[in-house]
Amino acid sequence: MVHAIQLGSIVRRMAAAVARRVAACAADDRGAIAVVVGVLMVVLVGMAGVGIDLARTRSYAEAAQASADSAALAGAQDLLAFPGWPRVVSDVETFVQANLPSAALSWSGCTDAAALPYQPDAAHGNGCISADSSTSPTRLRVRLPAMAVPTSFGRVLGVVSVPVAAAATARVITSPDCGLCVLSSTANPAFRANGTALVQVTGAALLDNSTAADAASVIGYSSVVADEIGGPSAPDGFRTTGNGRYTPQPVQAPPVGDPLASLLQCPQAGAAVCPAVVDPDVNLTGSTSASITPGIYQNISVQGQASLTMAPGTYIITHSMSFSGGGALTGNGVTLYFACSAYPAPCTAGQSGATFSITGNGATGITPPASGPFQGLAIFADRNNATSSSLNGNGGTLLTGTVYTKGEALALTGNGAETSTLNSMVIANTVTTSGNGNLAIAFSAAQNASLGTVALQG
């Protein structure tokens, strides 16, 4: 917020100065022409000077607002890791000073009539940095200390400075909009539930971005349960056939954005997480077992009673990965990255890249990294990878960690008497569920990719 420049006050002072000049000269009729000329010169020069002063003040005000916006965002970014209030306050003040070249600002005694409830530096006389909570903050407000922009021409009229102030509030976004995020805006339907399975999303919503007439379809005896179900085509575009049902009833909701849109892909994410070594294919059958390390693989296949152990890190697959049979697939701290054949070049728009098929016949024990850029991310497909992949369970935990397949058609299947569970947030272009068992998508922030981001509050 920038205080309005007092243009009316300046003009009034100019008018008063002109009136005094006219009064002083009016007694001398012989100077009438000179009076008129002098008055016009005062007006013209004064207006030109005021225009110059106003332009400079406006420029300074815009810079002040940009500095307040940036400082609020920087402070809110600190809140994601929350290093403590002294660090937050120091970072905000340092950021303001670095982005607003001027004499040192005095934060001491700064007050803000619109301050949020908690002022972390109030003991030092700074009430211009505030938050909505001392322990679990989600909003941070920054008001710059009072500033005065000196005038040049305005001084002639007694206006030596113009006050400028700026403030901004940033909010921390840490909760996902959805636990099952179906991003296609055109597919008809984008989400489909077949068979007799119960599909349950816990801890978050099921949101479907499709604006098609049949945005979502539940067929047969399938049931879909979530904390919330919705999308831009709800409720009419969320269809049921036979005994299919939604619980609760779908409600209209705006399209959900890509929750991980800012996450860097490989190789841009850096050498620390994106391997550069090309390894030979892995093809395990029978009752064999093997251990592998992070690298670039064209194919990884585990069948029969074979078992594969994956060391922590990122595995880049350029063609396919499949796990089936009664063996074991184990990997703690692992991200499976599905690229295209020209990797490290990214997939082109609509290109079919590497695919995966992971079934629950055997024991799957994939968990994501606990730190780093891919923290909480179990599956990451290139955003342009438009292939089809599947996760199929016969009970037990299929996977832990976020499944991020923005461009893919993802099939999820639950079979058998036991519930097949994904401790995940699932993000895909389209989603189809089927089977005769129960499929649970159980979202927990601690087990998934960090969704923390900050934004200015309008």
Side-chain angles (χ1 to χ4, degrees), residues 175-259 357 359-360 386 388-395 398-399 403-443:
S175 298
D177 292 318
C178 51
L180 178 56
C181 317
V182 186
L183 301 184
S184 174
S185 62
T186 59
N188 187 31
F191 172 78
R192 181 194 297 268
N194 299 310
T196 60
L198 167 64
V199 180
Q200 189 167 15
V201 181
T202 60
L206 186 165
L207 296 180
D208 180 344
N209 282 354
S210 178
T211 57
D214 292 332
S217 180
V218 177
I219 301 170
Y221 287 85
S222 287
S223 297
V224 177
V225 179
D227 290 6
E228 177 185 338
I229 301 172
S233 287
D236 293 343
F238 282 54
R239 311 282 184 160
T240 59
T241 301
N243 294 302
R245 68 178 188 274
Y246 302 95
T247 305
Q249 288 301 306
V251 295
Q252 190 171 55
V256 62
D258 177 359
S357 175
T359 72
S388 298
S389 294
S390 61
L391 292 168
N392 308 300
N394 288 311
L398 274 169
L399 197 72
V403 177
Y404 182 46
T405 57
K406 178 184 178 181
E408 294 197 17
L410 183 62
L412 304 175
T413 303
N415 291 305
E418 295 185 27
T419 298
S420 300
T421 301
L422 290 165
N423 293 320
S424 304
M425 176 173 65
V426 177
I427 305 165
N429 186 52
T430 64
V431 173
T432 299
T433 68
S434 61
N436 57 10
N438 296 336
L439 176 66
I441 298 172
F443 175 81

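- Nearest heavy atoms, Ser210 versus Ala215: O-CB, 3.5 Å.
- Remark: the backbone N or O of Pro255 is not paired with any side-chain donor or acceptor of Asn209 at under 3.5 angstrom.
- Put simply, the side chain of Gln252 gets close to the backbone of Pro232: a donor and an acceptor are under 3.5 Å apart.
- Nearest heavy-atom pair, Thr202 versus Ala442, reported as atom, atom and distance to 0.1 Å: OG1-CA, 3.3 Å.
- Residue Thr186 comes nearest to Ala212 through the heavy atom pair O-CB, 3.9 Å, listed as atom of the first residue, atom of the second, then distance.
- Rounded to the nearest 0.5 Å, atoms CZ (Arg192) and CD1 (Ile219) are 4.5 Å apart.
- Put simply, the side chain of Val251 does not reach to within 4.5 Å of the side chain of Phe238, judged on heavy atoms.
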**Report entry** Evaluation steps, side-chain contact (heavy atoms from CB on, under 4.5 Å), between Phe191 and Thr433
**Finding:** CA-CA 8 Å; Phe191 172 78; Thr433 68; 4.1 Å; yes
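- When every heavy atom of Leu398 is checked against every heavy atom of Ser420, the shortest pair comes out as CD1-CB, 4.3 Å.
- Atoms OG1 and CZ, on Thr247 and Arg245 in that order, are 5.5 Å from each other to the nearest 0.5 Å.
- Between Thr413 atom OG1 and Asn436 atom CG the span is 10.0 Å, to the nearest 0.5 Å.
- In this structure, the side chains of Leu412 and Val199 stay at 4.5 Å or more apart for every pair of heavy atoms.
- Under a 3.5 Å cut-off, the side chain of Ser223 and the backbone N or O of Leu198 do not form any donor-acceptor pair.
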Report task. Test Leu207 against Cys181 for side-chain contact (heavy atoms from CB on, under 4.5 Å), laying out the working first. Result -> CA-CA 5 Å; Leu207 296 180; Cys181 317; 5.9 Å; no
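- Residues Gln200 and Asn438 are not in side-chain contact: their nearest non-hydrogen atoms beyond the backbone lie 4.5 Å or more apart.
- If you check the side chains of Thr359 and Asn392, you find no donor sitting under 3.5 Å from an acceptor.
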Report task. Please assess Asp227 against Val201 for the test side-chain contact (heavy atoms from CB on, under 4.5 Å), listing each intermediate value before the final yes or no. Result -> CA-CA 7 Å; Asp227 290 6; Val201 181; over 6 Å; no
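- Note that OG of Ser217 and CG of Asn194 are 7.5 Å apart. Values are rounded to the nearest 0.5 Å.
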